[in-house]
There are 2 protein chains.
Amino acid sequence: MMDVARRAGVSSSTVSLYLRKPDAVSPAASQEIAQAIEDLGYVPNLVAGGLAAAGSRVVSVIVPSIRNAFFAETVASLQTELAADGLQVMLGHSEYSEHDEEALIRTALAWAPAAVVLTGLNHSKAARKLLAGGGVPVIEMWELGGQAPIDMAVGFSHAAVGATAARHFAQQGFTSLAFLGARLSQDRRAAARAEGFVAEALRLGLPEPQILNHPAPATAEAGAQLLGLAQASPSEFQAVACSNDLIALGVLFECQRRGVAVPGDLAVMGFGDLSFSSTSNPPLTTIRPSGDLIGREVARLIKACVHGAHPSETARIVDTGHLLVERKSG
Amino acid sequence: MMDVARRAGVSSSTVSLYLRKPDAVSPAASQEIAQAIEDLGYVPNLVAGGLAAAGSRVVSVIVPSIRNAFFAETVASLQTELAADGLQVMLGHSEYSEHDEEALIRTALAWAPAAVVLTGLNHSKAARKLLAGGGVPVIEMWELGGQAPIDMAVGFSHAAVGATAARHFAQQGFTSLAFLGARLSQDRRAAARAEGFVAEALRLGLPEPQILNHPAPATAEAGAQLLGLAQASPSEFQAVACSNDLIALGVLFECQRRGVAVPGDLAVMGFGDLSFSSTSNPPLTTIRPSGDLIGREVARLIKACVHGAHPSETARIVDTGHLLVERKSG
DNA sequence: CTGAAAGCGCTAACAT
DNA sequence: ATGTTAGCGCTTTCAG
């Protein structure tokens, strides 16, 4: 930066000013500086900038799994939005472990980030303390309800999603229901959908739906196996809600193999509205959570914080809701 | 850090030393320092550390799309490996735009990263200059062949993948082939697979395969439409290679709707070996590129660089190859 | 509108 | 094994 200043015949503070508020520098000086930057191929050092300004332009994002299409979508839209404001995304994934998450949060904080974005409302006690103490804005995403957020939250109620699924089946007159999920003990949001499903069915006076849980990650393979289990059970089900479209896809595949007609013999519902869901056989009825909307809303909140305008109490929780997408599978 | 030092009754440099090389500090002092850190809830400032040490513990990773399962897998394994060494991943996605990529590289460099990881071998001229100039290790991944890497590379030849597909079909006696791809003008690696497919077919004396290209991103929907196009064409095909398992899935769906038997009437091959490919109807024959292996190898190279051991010339390019996974679709 | 000066919190010789 | 001393490259008052 000194080199640039020298070459442009100004002081380094003028260059610094030019870089942040170009309008505050005279046109003549701007010319010279721009030229010098160009000639020297100067790239500002954001590390030094972050130190001097006591706060870097980094946003730490911690998700359970980046392989998961839901979070990938959110991270993508978040990154796009933040990049437009010169904010960088630092990514970590906890593999659904609270312990790993805590370690990630610790490192994240060490970067004096502009904000930290977490997935879900459940974190270790130590993590909550770390976050509550530091003056860093924290946004929890992809979950609402249950407990109060640390600071801000963007998401929706998973119990409500489960309830929507139950109501949809009840309206069609189904009475024998099941919920098919994977890793329900680790994925608390999926578990909340299952609970919401069961609770709503009960409230509507239906027999208690069964929850079938697969120990492996949510894949089509797991879905296929889950369907096998469901069919093997003494009381066959009329309708199954899956915790994820990938599981629903596996169910569809396995139904085809076994010759069970969907939705004739069995109604199937997914969650996520993934890219293949509209074109499967039959097209999948599912619930869309809008991962990219979540990303955009999180970005909006972060930008507000960065610009000094701390959102009011009322604006600190945004519910992105969910949408039932009725197609042919149930 | 000064506070910790004071509380522990030592100097700040001892604390710093303790944090980086705990063995170099006396047990007594270590005790005191650990206690002080605990009491104060001290979190070191990595920004300051990065500035002082002239090189931060950040690795910048730039992929075309984080929504893409291939890159998501690589980023996931890379992040896991790097986190074990205290390295942070900064993520950017270019949406297949060389221009956006250049901007991302510029920002990445501004963080004085320990390494930058790029996808593919094609970058803008300015980007290449930026990278070649700075003393930062750069690793290009997911592609080999065509042109020389800037610095290091981990990946495989996409032309070879296409050739493998062509050979596989040729061995089964098919003569009328097609390649189904999406956004081939943007996704140069997919285009390379298509070219490799055509070239190998020609080399084997088969009629020139047709390339069908869909303008939208690679999804099952696009695959279904592509199959429609393929069937509509005057010469029906005996076998189609898809640039991606998602496209192949769409093809499978559409075949089912149209009553074309797979592989009886049409052989279908994918690329990627995604999670649903083993359980579709029929299970998909595909080519597996090993996204997580790429991530691990990239991490290995980066760690070597960080530890000062710059890999020798011979070890700067690692070919992760590809694997034909023969299932039932063709 | 521009420049001088004082750090931001830490690391890395070097000296002890 | 520990303390001392200089910065790292930039931002930010505060004068001019």
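The analysis underlying the following values was restricted to heavy atoms, covering all of them including side chains, and did not include hydrogens, waters or symmetry mates. Protein chains get the first letters and strands the later ones, always in sequence-line order, with residue 1 at the start of each.
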Results of salt bridge (Lys or Arg N to Asp or Glu O under 4.0 Å) for B:Arg128 - residues two or more places apart only:
none
If a pair satisfies ring-ring contact (aromatic ring centres under 6.0 Å, His included) and one of its residues is in residues 5-46 of chain A, list it, with sequence neighbours excluded.
none
Test side chain to side chain contact (heavy atoms under 4.5 Å, CB included) applied to B:Ser13 - qualifying residues, sequence neighbours left out
B:Ser11
CD1-CG distance between B:Ile150 and B:Leu131, expressed to the nearest 0.5 angstrom
4.5 Å
Can you give me every donor-acceptor pair (side chain of residues 47-60 of chain B, partner residue at least two apart or in another chain, under 3.5 Å) with its distance?
unit_1	atom_1	unit_2	atom_2	d
B:Ser56	OG	B:Trp111	O	2.9
B:Ser56	OG	B:Ala112	O	3.1
B:Arg57	NH2	B:Asp85	O	2.6

Looking only at non-hydrogen atoms, find the nearest pair between B:Pro44 and A:Ala110 and report the distance.
O-CB, 3.1 Å
Go through the structure and list residues passing side chain to side chain contact (heavy atoms under 4.5 Å, CB included) with B:Thr80, not counting sequence neighbours.
A:His93
All N/O pairs under 3.5 Å across the protein-nucleotides 14-16 of chain D interface:
none

Residues that B:Arg188 engages under salt bridge (Lys or Arg N to Asp or Glu O under 4.0 Å), provided they are two or more places apart
none
Atom pair CG/CD1 of A:Leu118 and A:Ile139 - distance to nearest 0.5 Å:
10.5 Å
Boundaries of the chain A footprint along DNA chain C (any atom under 4.0 Å from a heavy atom):
C:dC1 to C:dG9
Starting at the 5' end of DNA chain D and moving along, which residue's nearest nucleotide shows up first, B:Ser26 or B:Ala48?
B:Ser26
Regarding B:Ala54, tell me which of base, sugar-phosphate or nothing describes its non-hydrogen contacts under 4.0 Å with the strands shown.
nothing
Would you mind checking if B:Glu143 and B:Arg189 are paired as a salt bridge, meaning a charged N to carboxylate O distance below 4.0 Å?
yes
Members of residues 2-22 of chain A that approach DNA chain C, where some heavy atom sits under 4.0 Å away:
A:Val10, A:Ser11, A:Ser13, A:Thr14, A:Leu17
Mapping A:Ala53 and B:Asp23 onto DNA chain D by nearest heavy atom, which one lands closer to the 5' end?
B:Asp23
Please list, by residue number, the residues of residues 32-46 of chain A whose heavy atoms come closer than 4.0 Å to an atom of DNA chain C; answer none if no residue qualifies.
none
B:Arg57 CZ to D:dC8 P, in whole Å, measures 22 Å
Answer yes if the side chains of A:His123 and A:Glu101 hold a donor-acceptor pair under 3.5 Å, and no otherwise.
yes
What pairs with A:Phe70 under ring pair (Phe, Tyr, Trp, His ring centres under 6.0 Å), at least two apart in sequence or on another chain?
A:Trp142, A:Phe271
B:Ser124: what forms a side chain to side chain donor-acceptor pair (under 3.5 Å) with it, not counting sequence neighbours?
B:Glu102
